[in-house]
Protein chains: 2
Amino acid sequence: MQKEYNLSKNQKIIFDLIDKSGGPMKAYSILFNVQKKGIKAPLQVYRALDKLVEIGKIHKIESRNAFIACQNSSCQISKATAFSICENCENVSEISNSKLSKYLSNFSDNSGMKYSKYNLEFFGLCKKCKSK
Amino acid sequence: MQKEYNLSKNQKIIFDLIDKSGGPMKAYSILFNVQKKGIKAPLQVYRALDKLVEIGKIHKIESRNAFIACQNSSCQISKATAFSICENCENVSEISNSKLSKYLSNFSDNSGMKYSKYNLEFFGLCKKCKSK
DNA sequence: AACGTTATGTAATAATATAACATTTATAAG
DNA sequence: CTTATAAATGTTATATTATTACATAACGTT
């Protein structure tokens, strides 16, 4: 289980918002939504986001500049992330596939580089959008 | 083989710059470098970049907001990209590994989604940076 | 040459993210 | 419990990345 209780005030406000939204959220949309809670400046949002990413509570969807709550209850894989992204409705979900993560975590090529982290983003049309 | 001859003027200027640089370049750094060639505005750069990405001559490194020339001579894989990124020196290289690309191109999970595209970014320390 | 498509030029502005500095709160060590 | 240190906050300004809107020009086809 994750420890949520040691998030700071701003971190908790922002995590809860993202988590409840159920999807990816952008920084300035987050800012707008937490202004009533006293978080007024972009930097306050970005600092919380940085920390939440660092501890694996959320992930950044790089191709969308958006942040999504980690959907793996055990959340040990913040350094090994994979997402599926619908190019039509922009729905995003985290892929949790042990074969895939094992394959990628063990991947090495002839560059002499040892990879400590990866991020994979798949694109396509989700079920709903495909059937339209 | 790629057809280079049908790039437009701006596209060619910008592709040549990125290609010769040998690494990833950021949009405004590109802009600065092509101002002497008459490209004055961000939009001119972004339009050329968009087109070059679309036709697979360059790829965007999403985690870095940077663009790199495609390093696969046959360049049929602009919809299936993988990069290795050194977190210390920011060196980026395109991974061209047929097993990996086959594995990912054929990947499917139980979401009912058919993936038409992916982007994978590996992070770590390159040989040089590791030995410091 | 007329048409549609692609590319260009230009100005303004939107969206995303960080720097710099002052202060406060939490955590841990003595 | 108090001092030291690290982590978090608050605030202003600014840097960086990217797009909208509109006008014009060049290219490719028939």
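Each chain gets a letter, A, B and so on, in the order its sequence line appears, and its residues count up from 1.
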Looking at [X], I'd like to know whether one of its side-chain N or O atoms comes within less than 4.0 Å of OP1 or OP2 on [N].
X      : N      : result
K51(B) : dA7(C) : yes
K12(B) : dA7(C) : no
S8(A)  : dT9(D) : yes

Got a list of protein N/O to nucleotides 28-30 of chain D N/O distances below 3.5 Å?
none

Write down the distance between [atom1] ([X]) and [atom2] ([N]), rounded to a whole number of angstrom.
X      : N       : atom1 : atom2 : result
R47(A) : dT12(D) : CZ    : C1'   : 12 Å
Q11(B) : dA26(D) : CD    : P     : 16 Å
D50(A) : dT16(C) : CG    : C1'   : 13 Å
N10(A) : dT24(C) : CG    : P     : 16 Å
K9(B)  : dT24(D) : NZ    : P     : 18 Å
I61(A) : dT16(C) : CD1   : C1'   : 16 Å
N6(A)  : dA6(D)  : CG    : C1'   : 15 Å
I13(B) : dT8(C)  : CD1   : C1'   : 11 Å

K37(A) atom NZ, neighbour heavy-atom count above 12 within 6.0 Å: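 No - once you tally the heavy atoms of other residues, nucleotides and ligands closer than 6.0 Å, there are 12 at most.
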Nucleic acid contacts - residues 23-46 of chain B versus DNA chain D, non-hydrogen atoms under 4.0 Å: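 Contacting residues: K26(B), Y28(B), L43(B), Y46(B).
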Selection from dT8(C), dA17(C), dG10(D) that lies nearest to any side-chain heavy atom of F67(A):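 Per side-chain heavy atoms of F67(A), the pick is dA17(C).
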Nucleotide nearest N65(B) (side chain, heavy atoms from C-beta), chosen from dA20(C), dA17(C), dA18(D):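 Nearest listed nucleotide: dA18(D).
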Ring geometry between Y103(A) and Y103(B) (parallel below 30°, tilted from 30 to 60°, perpendicular above 60°):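 Because their plane-to-plane angle is under 30°, the rings of Y103(B) and Y103(A) count as parallel.
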Geometric class of the Y118(A)/F122(B) ring pair [parallel <30°, tilted 30-60°, perpendicular >60°]: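 Ring orientation of F122(B) relative to Y118(A): perpendicular.
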Pair listing, salt bridge (charged side-chain N to carboxylate O under 4.0 Å, His left out) test, anchored in residues 97-121 of chain A, at least two apart: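 Every salt bridge (charged side-chain N to carboxylate O under 4.0 Å, His left out) pair that includes a residue of residues 97-121 of chain A, provided the two are not neighbours, is K117(A)-E87(B).
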Minimum-distance pair of heavy atoms, taken over all atoms of S96(A) and N72(A):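 That closest heavy-atom pairing would be CB-OD1, 3.0 Å.
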Minimal non-hydrogen separation, K57(B) against F15(B), with atom names: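 Closest pair (atom of K57(B), atom of F15(B), distance): O-CE1, 3.4 Å.
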Heavy-atom check, side chain of L52(A) versus side chain of L7(A), under 4.5 Å: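 L52(A) vs L7(A): side chains touch.
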Rounded distance [0.5 Å steps], CD1 in I68(B) versus CG in D19(B):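 Atom-to-atom, I68(B):CD1 and D19(B):CG are 10.0 Å apart.
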Residue that, paired with E90(B), satisfies salt bridge (Lys or Arg N to Asp or Glu O under 4.0 Å) out of R64(B), K26(B), K128(B):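 Among R64(B), K26(B), K128(B), the one meeting salt bridge (Lys or Arg N to Asp or Glu O under 4.0 Å) with E90(B) is R64(B).
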